[in-house]
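Notes for the one structure printed next.
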There are 2 protein chains.
Amino acid sequence: MGRPAGYELSEVVSAARDVFWDRGLDGTSLPDLERATGLSRSSIYHAFGSKRGLFDAAVRDYLDTVVRPRLAVLVDEPVAPDAVRSYLRGLTQAVETLPDDSPRRGCLLFACATSAGHDPALADVIEDYRAELTGSFAVALSARYPAASLARLARRARQLTSMTVAGLVLAKINRDEAVATLRAGLEQINEWDQDD
Amino acid sequence: MGRPAGYELSEVVSAARDVFWDRGLDGTSLPDLERATGLSRSSIYHAFGSKRGLFDAAVRDYLDTVVRPRLAVLVDEPVAPDAVRSYLRGLTQAVETLPDDSPRRGCLLFACATSAGHDPALADVIEDYRAELTGSFAVALSARYPAASLARLARRARQLTSMTVAGLVLAKINRDEAVATLRAGLEQINEWDQDD
DNA sequence: GGGGTTCTAGACCGAATGATCTAGTAATTT
DNA sequence: AAATTACTAGATCATTCGGTCTAGAACCCC
(Lines give C-alpha, C1' and ligand atoms only; values in the text may rest on other atoms or scores of the structure.)
Protein backbone atom coordinates (compact mmCIF):
# COMPACT_ATOMS: atom_id res chain seq x y z
CA MET A 1 0.00 0.00 0.00
CA GLY A 2 1.03 3.58 -0.47
CA ARG A 3 -0.59 6.91 -0.56
CA PRO A 4 -4.35 6.68 -1.04
CA ALA A 5 -6.12 8.64 -3.75
CA GLY A 6 -7.12 12.16 -2.85
CA TYR A 7 -10.48 11.76 -4.49
CA GLU A 8 -13.51 9.53 -4.48
CA LEU A 9 -13.44 7.50 -7.67
CA SER A 10 -17.21 7.44 -8.00
CA GLU A 11 -17.37 11.21 -7.75
CA VAL A 12 -14.75 11.62 -10.44
CA VAL A 13 -16.55 9.26 -12.77
CA SER A 14 -19.90 10.90 -12.25
CA ALA A 15 -18.45 14.36 -12.83
CA ALA A 16 -16.86 13.15 -16.06
CA ARG A 17 -20.09 11.41 -17.00
CA ASP A 18 -21.96 14.70 -16.91
CA VAL A 19 -19.44 16.34 -19.21
CA PHE A 20 -19.66 13.53 -21.76
CA TRP A 21 -23.42 13.63 -21.38
CA ASP A 22 -23.40 17.27 -22.31
CA ARG A 23 -20.81 17.39 -25.09
CA GLY A 24 -20.39 13.85 -26.37
CA LEU A 25 -17.14 11.91 -26.61
CA ASP A 26 -15.39 14.01 -29.24
CA GLY A 27 -16.75 17.26 -27.92
CA THR A 28 -15.19 16.75 -24.52
CA SER A 29 -11.56 17.81 -24.04
CA LEU A 30 -9.03 16.89 -21.40
CA PRO A 31 -9.16 20.38 -19.88
CA ASP A 32 -12.95 19.98 -19.67
CA LEU A 33 -12.45 16.78 -17.72
CA GLU A 34 -9.76 18.27 -15.48
CA ARG A 35 -12.05 21.15 -14.64
CA ALA A 36 -15.08 18.97 -13.95
CA THR A 37 -13.29 16.34 -11.90
CA GLY A 38 -10.78 18.58 -10.16
CA LEU A 39 -8.08 16.12 -11.12
CA SER A 40 -5.00 16.82 -13.16
CA ARG A 41 -4.10 14.93 -16.30
CA SER A 42 -1.68 12.81 -14.33
CA SER A 43 -4.33 11.46 -12.02
CA ILE A 44 -6.81 10.90 -14.81
CA TYR A 45 -4.31 8.93 -16.87
CA HIS A 46 -3.05 7.12 -13.79
CA ALA A 47 -6.54 6.01 -12.90
CA PHE A 48 -8.13 5.45 -16.32
CA GLY A 49 -5.29 5.06 -18.79
CA SER A 50 -6.80 7.27 -21.46
CA LYS A 51 -9.63 9.60 -22.25
CA ARG A 52 -11.45 6.64 -23.68
CA GLY A 53 -10.91 4.68 -20.49
CA LEU A 54 -12.59 7.42 -18.51
CA PHE A 55 -15.36 7.56 -21.08
CA ASP A 56 -15.94 3.82 -20.73
CA ALA A 57 -16.15 4.20 -16.97
CA ALA A 58 -18.56 7.09 -17.44
CA VAL A 59 -20.76 5.00 -19.72
CA ARG A 60 -20.81 2.16 -17.21
CA ASP A 61 -21.78 4.62 -14.53
CA TYR A 62 -24.44 6.12 -16.79
CA LEU A 63 -25.95 2.71 -17.38
CA ASP A 64 -25.78 1.74 -13.71
CA THR A 65 -26.96 4.93 -12.07
CA VAL A 66 -29.16 6.54 -14.70
CA VAL A 67 -30.42 4.07 -17.28
CA ARG A 68 -31.02 0.90 -15.25
CA PRO A 69 -32.79 2.61 -12.36
CA ARG A 70 -35.13 4.13 -14.91
CA LEU A 71 -35.64 0.87 -16.75
CA ALA A 72 -36.22 -1.00 -13.50
CA VAL A 73 -39.89 -0.13 -13.43
CA LEU A 74 -40.27 -1.77 -16.83
CA VAL A 75 -38.70 -5.10 -15.97
CA ASP A 76 -38.53 -5.70 -12.22
CA GLU A 77 -40.98 -8.36 -11.09
CA PRO A 78 -43.78 -7.94 -10.53
CA VAL A 79 -44.21 -5.71 -13.57
CA ALA A 80 -47.20 -3.46 -13.07
CA PRO A 81 -49.62 -3.00 -15.96
CA ASP A 82 -48.95 0.70 -15.65
CA ALA A 83 -45.17 0.30 -15.85
CA VAL A 84 -44.88 1.65 -19.39
CA ARG A 85 -46.76 4.75 -18.46
CA SER A 86 -44.70 5.23 -15.31
CA TYR A 87 -41.51 5.05 -17.30
CA LEU A 88 -42.62 7.59 -19.86
CA ARG A 89 -43.99 9.91 -17.21
CA GLY A 90 -40.68 9.80 -15.34
CA LEU A 91 -38.65 10.51 -18.45
CA THR A 92 -40.98 13.30 -19.51
CA GLN A 93 -40.74 14.92 -16.15
CA ALA A 94 -36.95 14.76 -16.19
CA VAL A 95 -36.73 16.42 -19.60
CA GLU A 96 -39.30 18.96 -18.57
CA THR A 97 -37.82 20.05 -15.25
CA LEU A 98 -34.09 19.92 -15.87
CA PRO A 99 -32.65 23.45 -15.93
CA ASP A 100 -31.81 24.88 -19.33
CA ASP A 101 -28.11 24.70 -18.65
CA SER A 102 -28.16 21.21 -17.21
CA PRO A 103 -25.81 18.82 -18.95
CA ARG A 104 -28.17 15.98 -18.15
CA ARG A 105 -30.60 16.60 -20.96
CA GLY A 106 -30.86 14.09 -23.72
CA CYS A 107 -28.91 10.88 -23.65
CA LEU A 108 -25.18 10.40 -23.17
CA LEU A 109 -25.11 7.52 -25.61
CA PHE A 110 -27.23 8.96 -28.40
CA ALA A 111 -25.12 12.10 -28.10
CA CYS A 112 -22.26 9.96 -29.40
CA ALA A 113 -24.18 8.35 -32.25
CA THR A 114 -22.38 10.33 -34.93
CA SER A 115 -18.93 9.32 -33.69
CA ALA A 116 -20.18 5.73 -33.63
CA GLY A 117 -20.32 5.78 -37.39
CA HIS A 118 -16.52 5.37 -37.38
CA ASP A 119 -16.10 3.60 -34.07
CA PRO A 120 -17.56 0.09 -34.10
CA ALA A 121 -16.90 -0.47 -30.39
CA LEU A 122 -18.90 2.61 -29.57
CA ALA A 123 -21.65 1.58 -31.98
CA ASP A 124 -21.90 -1.74 -30.15
CA VAL A 125 -22.34 -0.03 -26.80
CA ILE A 126 -25.09 2.20 -28.14
CA GLU A 127 -26.80 -0.69 -29.90
CA ASP A 128 -26.77 -2.75 -26.70
CA TYR A 129 -28.45 0.10 -24.95
CA ARG A 130 -31.03 0.46 -27.69
CA ALA A 131 -31.74 -3.25 -27.59
CA GLU A 132 -32.12 -3.21 -23.82
CA LEU A 133 -34.54 -0.32 -24.04
CA THR A 134 -36.66 -2.04 -26.66
CA GLY A 135 -36.55 -5.32 -24.74
CA SER A 136 -37.63 -3.63 -21.53
CA PHE A 137 -40.54 -1.98 -23.31
CA ALA A 138 -41.56 -5.38 -24.66
CA VAL A 139 -41.58 -6.88 -21.18
CA ALA A 140 -43.65 -4.06 -19.73
CA LEU A 141 -46.03 -4.04 -22.66
CA SER A 142 -46.71 -7.74 -22.25
CA ALA A 143 -47.70 -7.00 -18.67
CA ARG A 144 -50.21 -4.44 -19.89
CA TYR A 145 -51.47 -6.35 -22.90
CA PRO A 146 -51.19 -10.01 -21.93
CA ALA A 147 -53.41 -11.07 -24.79
CA ALA A 148 -51.43 -9.32 -27.50
CA SER A 149 -49.38 -11.31 -29.99
CA LEU A 150 -45.61 -11.28 -29.84
CA ALA A 151 -45.47 -9.51 -33.17
CA ARG A 152 -47.75 -6.77 -31.93
CA LEU A 153 -45.77 -6.38 -28.73
CA ALA A 154 -42.53 -6.12 -30.68
CA ARG A 155 -44.06 -3.54 -32.96
CA ARG A 156 -45.30 -1.44 -30.09
CA ALA A 157 -42.02 -1.74 -28.26
CA ARG A 158 -40.30 -0.36 -31.33
CA GLN A 159 -42.70 2.52 -31.49
CA LEU A 160 -42.08 3.49 -27.90
CA THR A 161 -38.36 3.15 -28.47
CA SER A 162 -38.65 5.54 -31.38
CA MET A 163 -40.43 8.12 -29.31
CA THR A 164 -37.88 7.77 -26.54
CA VAL A 165 -34.95 8.10 -28.92
CA ALA A 166 -36.53 11.06 -30.68
CA GLY A 167 -37.43 12.68 -27.36
CA LEU A 168 -33.89 12.35 -26.09
CA VAL A 169 -32.33 13.63 -29.29
CA LEU A 170 -34.73 16.56 -29.53
CA ALA A 171 -34.05 17.44 -25.90
CA LYS A 172 -30.86 19.15 -27.07
CA ILE A 173 -32.71 21.08 -29.76
CA ASN A 174 -36.10 22.06 -28.43
CA ARG A 175 -37.17 21.11 -24.95
CA ASP A 176 -40.89 21.73 -25.48
CA GLU A 177 -41.00 19.55 -28.54
CA ALA A 178 -39.05 16.83 -26.76
CA VAL A 179 -41.61 16.86 -23.97
CA ALA A 180 -44.48 16.81 -26.45
CA THR A 181 -42.90 13.85 -28.18
CA LEU A 182 -42.66 11.85 -24.99
CA ARG A 183 -46.21 12.79 -24.10
CA ALA A 184 -47.29 11.53 -27.50
CA GLY A 185 -45.97 8.18 -26.36
CA LEU A 186 -48.36 8.29 -23.43
CA GLU A 187 -51.23 9.23 -25.69
CA GLN A 188 -50.32 6.37 -27.96
CA ILE A 189 -50.80 4.01 -25.05
CA ASN A 190 -54.25 5.46 -24.47
CA GLU A 191 -55.16 4.56 -28.02
CA TRP A 192 -53.83 1.05 -27.64
CA ASP A 193 -55.92 0.64 -24.50
CA GLN A 194 -59.05 1.28 -26.49
CA ASP A 195 -58.16 -1.47 -28.94
CA ASP A 196 -57.52 -4.17 -26.35
CA MET B 1 -13.22 40.04 -64.13
CA GLY B 2 -10.21 37.90 -63.46
CA ARG B 3 -9.30 34.30 -63.42
CA PRO B 4 -12.34 32.05 -63.13
CA ALA B 5 -12.57 29.38 -60.47
CA GLY B 6 -11.08 26.04 -61.38
CA TYR B 7 -13.98 24.17 -59.85
CA GLU B 8 -17.74 23.91 -60.01
CA LEU B 9 -19.11 25.49 -56.85
CA SER B 10 -22.03 23.10 -56.65
CA GLU B 11 -19.72 20.10 -56.83
CA VAL B 12 -17.54 21.47 -54.07
CA VAL B 13 -20.53 22.09 -51.84
CA SER B 14 -22.01 18.67 -52.43
CA ALA B 15 -18.68 16.95 -51.76
CA ALA B 16 -18.37 18.88 -48.50
CA ARG B 17 -21.97 18.11 -47.69
CA ASP B 18 -21.29 14.40 -47.79
CA VAL B 19 -18.37 14.75 -45.40
CA PHE B 20 -20.43 16.72 -42.90
CA TRP B 21 -23.24 14.22 -43.39
CA ASP B 22 -20.89 11.45 -42.41
CA ARG B 23 -18.93 13.02 -39.58
CA GLY B 24 -20.95 15.95 -38.32
CA LEU B 25 -19.74 19.53 -38.01
CA ASP B 26 -17.15 19.04 -35.28
CA GLY B 27 -16.02 15.69 -36.60
CA THR B 28 -15.05 17.15 -39.96
CA SER B 29 -11.59 18.71 -40.28
CA LEU B 30 -10.16 21.09 -42.85
CA PRO B 31 -7.96 18.35 -44.31
CA ASP B 32 -11.08 16.19 -44.65
CA LEU B 33 -12.70 18.97 -46.64
CA GLU B 34 -9.62 19.61 -48.76
CA ARG B 35 -9.46 15.94 -49.64
CA ALA B 36 -13.15 15.63 -50.46
CA THR B 37 -13.43 18.82 -52.48
CA GLY B 38 -10.00 18.72 -54.10
CA LEU B 39 -9.58 22.35 -53.11
CA SER B 40 -6.84 23.78 -50.96
CA ARG B 41 -7.51 25.79 -47.84
CA SER B 42 -6.95 29.00 -49.77
CA SER B 43 -9.75 28.32 -52.17
CA ILE B 44 -12.11 27.12 -49.47
CA TYR B 45 -11.57 30.22 -47.38
CA HIS B 46 -11.66 32.44 -50.42
CA ALA B 47 -15.02 31.03 -51.44
CA PHE B 48 -16.71 30.40 -48.09
CA GLY B 49 -14.87 32.50 -45.52
CA SER B 50 -14.72 29.80 -42.87
CA LYS B 51 -15.39 26.18 -42.14
CA ARG B 52 -18.73 27.26 -40.81
CA GLY B 53 -19.47 29.14 -44.02
CA LEU B 54 -18.92 25.98 -46.00
CA PHE B 55 -21.02 24.06 -43.51
CA ASP B 56 -23.86 26.54 -43.94
CA ALA B 57 -23.67 26.15 -47.71
CA ALA B 58 -23.64 22.38 -47.27
CA VAL B 59 -26.74 22.54 -45.08
CA ARG B 60 -28.52 24.70 -47.63
CA ASP B 61 -27.60 22.21 -50.31
CA TYR B 62 -28.74 19.33 -48.11
CA LEU B 63 -32.10 20.95 -47.61
CA ASP B 64 -32.49 21.84 -51.28
CA THR B 65 -31.28 18.65 -52.92
CA VAL B 66 -32.00 15.97 -50.33
CA VAL B 67 -34.64 17.03 -47.84
CA ARG B 68 -37.07 19.08 -49.92
CA PRO B 69 -37.24 16.64 -52.84
CA ARG B 70 -38.13 13.96 -50.34
CA LEU B 71 -40.68 16.10 -48.55
CA ALA B 72 -42.23 17.17 -51.84
CA VAL B 73 -44.48 14.15 -52.01
CA LEU B 74 -45.92 15.12 -48.64
CA VAL B 75 -46.84 18.69 -49.48
CA ASP B 76 -46.99 19.32 -53.23
CA GLU B 77 -50.54 19.75 -54.47
CA PRO B 78 -52.42 17.63 -55.10
CA VAL B 79 -51.38 15.62 -52.05
CA ALA B 80 -52.20 11.97 -52.62
CA PRO B 81 -53.83 10.03 -49.79
CA ASP B 82 -50.92 7.64 -50.04
CA ALA B 83 -48.30 10.39 -49.74
CA VAL B 84 -47.31 9.53 -46.18
CA ARG B 85 -46.71 5.93 -47.13
CA SER B 86 -44.73 6.93 -50.20
CA TYR B 87 -42.48 9.12 -48.13
CA LEU B 88 -41.74 6.44 -45.58
CA ARG B 89 -41.21 3.82 -48.24
CA GLY B 90 -38.71 6.04 -50.01
CA LEU B 91 -36.79 6.79 -46.85
CA THR B 92 -36.79 3.15 -45.81
CA GLN B 93 -35.47 2.10 -49.16
CA ALA B 94 -32.67 4.67 -49.00
CA VAL B 95 -31.53 3.53 -45.56
CA GLU B 96 -31.82 -0.07 -46.63
CA THR B 97 -29.89 0.09 -49.89
CA LEU B 98 -27.13 2.59 -49.15
CA PRO B 99 -23.75 0.81 -49.01
CA ASP B 100 -22.30 0.24 -45.58
CA ASP B 101 -19.56 2.77 -46.15
CA SER B 102 -21.81 5.42 -47.64
CA PRO B 103 -21.62 8.75 -45.84
CA ARG B 104 -25.23 9.39 -46.77
CA ARG B 105 -26.78 7.34 -44.01
CA GLY B 106 -28.70 9.02 -41.29
CA CYS B 107 -29.28 12.73 -41.36
CA LEU B 108 -26.74 15.51 -41.72
CA LEU B 109 -28.63 17.73 -39.32
CA PHE B 110 -29.40 15.24 -36.57
CA ALA B 111 -25.75 14.21 -36.77
CA CYS B 112 -25.01 17.68 -35.41
CA ALA B 113 -27.60 17.62 -32.64
CA THR B 114 -25.03 17.25 -29.88
CA SER B 115 -23.02 20.26 -31.03
CA ALA B 116 -26.29 22.18 -31.18
CA GLY B 117 -26.48 22.02 -27.40
CA HIS B 118 -23.87 24.77 -27.30
CA ASP B 119 -24.58 26.43 -30.61
CA PRO B 120 -27.96 28.19 -30.68
CA ALA B 121 -27.70 29.08 -34.36
CA LEU B 122 -27.20 25.44 -35.21
CA ALA B 123 -30.03 24.42 -32.90
CA ASP B 124 -32.31 26.82 -34.79
CA VAL B 125 -31.44 25.26 -38.12
CA ILE B 126 -32.14 21.78 -36.83
CA GLU B 127 -35.36 22.86 -35.17
CA ASP B 128 -36.56 24.49 -38.38
CA TYR B 129 -35.96 21.23 -40.16
CA ARG B 130 -37.77 19.27 -37.48
CA ALA B 131 -40.71 21.65 -37.65
CA GLU B 132 -40.85 21.41 -41.44
CA LEU B 133 -40.83 17.64 -41.25
CA THR B 134 -43.64 17.55 -38.70
CA GLY B 135 -45.61 20.14 -40.66
CA SER B 136 -45.25 18.19 -43.87
CA PHE B 137 -46.46 15.04 -42.16
CA ALA B 138 -49.46 16.96 -40.88
CA VAL B 139 -50.36 18.12 -44.38
CA ALA B 140 -50.08 14.65 -45.86
CA LEU B 141 -51.96 13.07 -42.99
CA SER B 142 -54.85 15.46 -43.44
CA ALA B 143 -55.05 14.29 -47.05
CA ARG B 144 -55.33 10.71 -45.88
CA TYR B 145 -57.61 11.31 -42.92
CA PRO B 146 -59.74 14.31 -43.91
CA ALA B 147 -62.20 13.64 -41.12
CA ALA B 148 -59.63 13.56 -38.35
CA SER B 149 -59.43 16.36 -35.82
CA LEU B 150 -56.53 18.79 -35.87
CA ALA B 151 -55.38 17.48 -32.51
CA ARG B 152 -55.30 13.93 -33.78
CA LEU B 153 -53.45 14.96 -36.93
CA ALA B 154 -50.87 16.84 -34.88
CA ARG B 155 -50.43 13.84 -32.63
CA ARG B 156 -49.95 11.47 -35.51
CA ALA B 157 -47.58 13.86 -37.25
CA ARG B 158 -45.47 13.88 -34.12
CA GLN B 159 -45.44 10.12 -34.00
CA LEU B 160 -44.24 9.82 -37.56
CA THR B 161 -41.63 12.48 -36.89
CA SER B 162 -40.40 10.43 -33.96
CA MET B 163 -40.03 7.34 -36.07
CA THR B 164 -38.23 9.28 -38.75
CA VAL B 165 -35.85 10.90 -36.30
CA ALA B 166 -35.19 7.60 -34.56
CA GLY B 167 -34.73 5.82 -37.87
CA LEU B 168 -32.20 8.38 -39.04
CA VAL B 169 -30.28 8.37 -35.77
CA LEU B 170 -30.22 4.59 -35.57
CA ALA B 171 -29.03 4.40 -39.17
CA LYS B 172 -25.52 5.14 -37.88
CA ILE B 173 -25.75 2.45 -35.23
CA ASN B 174 -27.68 -0.48 -36.64
CA ARG B 175 -29.02 -0.41 -40.14
CA ASP B 176 -31.47 -3.29 -39.73
CA GLU B 177 -33.06 -1.72 -36.71
CA ALA B 178 -33.27 1.62 -38.46
CA VAL B 179 -35.12 -0.02 -41.33
CA ALA B 180 -37.40 -1.87 -38.94
CA THR B 181 -38.17 1.40 -37.19
CA LEU B 182 -39.17 3.11 -40.40
CA ARG B 183 -41.26 0.12 -41.39
CA ALA B 184 -43.00 0.33 -38.03
CA GLY B 185 -44.12 3.76 -39.17
CA LEU B 186 -45.79 2.17 -42.16
CA GLU B 187 -47.44 -0.43 -39.97
CA GLN B 188 -48.66 2.32 -37.71
CA ILE B 189 -50.47 3.85 -40.66
CA ASN B 190 -52.15 0.51 -41.33
CA GLU B 191 -53.53 0.56 -37.82
CA TRP B 192 -54.78 4.10 -38.19
CA ASP B 193 -56.53 3.10 -41.38
CA GLN B 194 -58.59 0.57 -39.48
CA ASP B 195 -59.75 3.20 -37.02
CA ASP B 196 -60.94 5.75 -39.56
C1' DG C 1 0.05 41.75 -75.48
C1' DG C 2 -0.40 44.45 -71.38
C1' DG C 3 -2.99 45.68 -67.22
C1' DG C 4 -6.00 44.42 -63.84
C1' DT C 5 -8.31 41.06 -61.33
C1' DT C 6 -9.12 36.70 -59.33
C1' DC C 7 -7.85 32.30 -57.97
C1' DT C 8 -4.75 28.94 -55.60
C1' DA C 9 -0.60 26.19 -53.66
C1' DG C 10 1.78 25.82 -49.79
C1' DA C 11 4.11 27.77 -45.96
C1' DC C 12 2.96 29.50 -41.76
C1' DC C 13 0.41 30.89 -37.34
C1' DG C 14 -1.02 30.41 -32.48
C1' DA C 15 -3.94 27.61 -29.97
C1' DA C 16 -5.67 23.32 -28.60
C1' DT C 17 -5.60 18.36 -28.90
C1' DG C 18 -4.61 13.69 -26.37
C1' DA C 19 -0.83 11.79 -24.14
C1' DT C 20 3.75 11.29 -21.55
C1' DC C 21 7.38 12.29 -18.33
C1' DT C 22 9.77 13.92 -14.44
C1' DA C 23 9.97 15.15 -9.91
C1' DG C 24 8.38 15.43 -5.82
C1' DT C 25 4.67 14.76 -2.27
C1' DA C 26 2.12 12.09 0.93
C1' DA C 27 0.42 8.21 3.11
C1' DT C 28 1.00 3.20 4.79
C1' DT C 29 3.66 -0.37 6.60
C1' DT C 30 7.23 -2.15 9.19
C1' DA D 1 11.32 7.03 11.91
C1' DA D 2 12.65 4.65 7.78
C1' DA D 3 11.38 2.33 3.79
C1' DT D 4 8.11 1.55 0.52
C1' DT D 5 4.55 2.49 -2.27
C1' DA D 6 1.18 5.22 -4.68
C1' DC D 7 -0.57 9.55 -6.10
C1' DT D 8 -0.29 14.10 -8.49
C1' DA D 9 1.24 18.97 -10.19
C1' DG D 10 3.10 20.87 -13.95
C1' DA D 11 6.14 20.96 -17.79
C1' DT D 12 6.51 18.99 -22.01
C1' DC D 13 5.57 16.17 -26.26
C1' DA D 14 4.24 15.69 -31.15
C1' DT D 15 0.15 16.33 -33.66
C1' DT D 16 -3.74 18.48 -35.26
C1' DC D 17 -6.92 22.13 -35.18
C1' DG D 18 -9.11 26.30 -37.76
C1' DG D 19 -7.36 30.17 -39.94
C1' DT D 20 -4.01 33.57 -42.29
C1' DC D 21 -0.49 35.11 -45.45
C1' DT D 22 2.52 35.55 -49.29
C1' DA D 23 3.69 34.73 -53.67
C1' DG D 24 2.73 33.61 -57.98
C1' DA D 25 -0.20 31.52 -61.60
C1' DA D 26 -4.19 31.86 -64.63
C1' DC D 27 -7.51 34.23 -66.89
C1' DC D 28 -10.54 38.30 -68.78
C1' DC D 29 -10.83 42.59 -70.91
C1' DC D 30 -9.02 46.23 -73.34
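Throughout, protein chains are lettered first and strands after them, A, B, ... in sequence-line order, and every chain is numbered starting at 1. Remember, it's a predicted structure, so these values are computed and weren't measured experimentally. As a basis for the values below, the full set of heavy atoms in this structure was taken, side chains included, without hydrogen atoms, waters or symmetry mates.
Among the protein residues, B:Ser29 comes within range of the sugar-phosphate backbone only, with heavy atoms under 4.0 Å from sugar or phosphate atoms but none that close to a base. Counting any heavy atom pair closer than 4.0 Å across all strands shown, A:Tyr7 reaches sugar-phosphate atoms only and no base atom.
Ranking C:dA9, D:dC17, C:dT20 by closeness to the B:Pro31 side chain, first place goes to D:dC17. Taking the side chain of A:Lys51 as heavy atoms from C-beta on, and the options C:dG18, D:dG10, D:dG18, the nearest nucleotide is C:dG18.
A donor-acceptor contact shorter than 3.5 Å links the side chain of B:Thr181 to the backbone of B:Glu177. With A:Thr65 contributing its side chain and A:Asp61 its backbone, the two residues share a donor-acceptor pair below 3.5 Å.
Between A:His46 and D:dC7, a side-chain N or O to OP1/OP2 separation shorter than 4.0 Å is present.
A salt bridge does not link B:Arg105 to B:Asp22: none of the charged side-chain nitrogens sits closer than 4.0 Å to a carboxylate oxygen.
Remark: P of C:dT17 and CZ of A:Arg52 are 18 Å apart, rounded to the nearest angstrom. In this structure, the CZ atom of A:Phe48 is 16 Å from the P atom of C:dG18, given to the nearest Å. The distance from atom CD1 of B:Ile44 to atom P of D:dC21 is 17 Å, rounded to the nearest whole Å. With rounding to whole Å, B:Glu34 atom CD is found 12 Å from D:dG19 atom P. The distance from atom CG of B:Leu54 to atom P of D:dG18 is 11 Å, rounded to the nearest whole Å. Between the CG atom of A:Leu33 and the C1' atom of C:dG18 there is a distance of 11 Å, rounded to whole Å. Between B:Leu30 atom CG and C:dT17 atom C1' the separation is 15 Å, expressed in whole Å. B:Arg35 places its CZ atom 14 Å from the C1' atom of D:dC17, with the value rounded to the nearest Å.
Within a 6.0 Å radius of CD in B:Gln93, no more than 12 heavy atoms belonging to other residues, nucleotides or ligands are found.
Residues A:Phe48 and A:Phe55 keep their aromatic ring centres 6.0 Å or farther apart.
The base of C:dG18 lies close enough to the side chain of A:Arg41 for a donor and an acceptor atom to sit less than 3.5 Å apart. Remark: the B:Ser42 side chain and the C:dA9 base include a donor-acceptor N/O pair separated by less than 3.5 Å.
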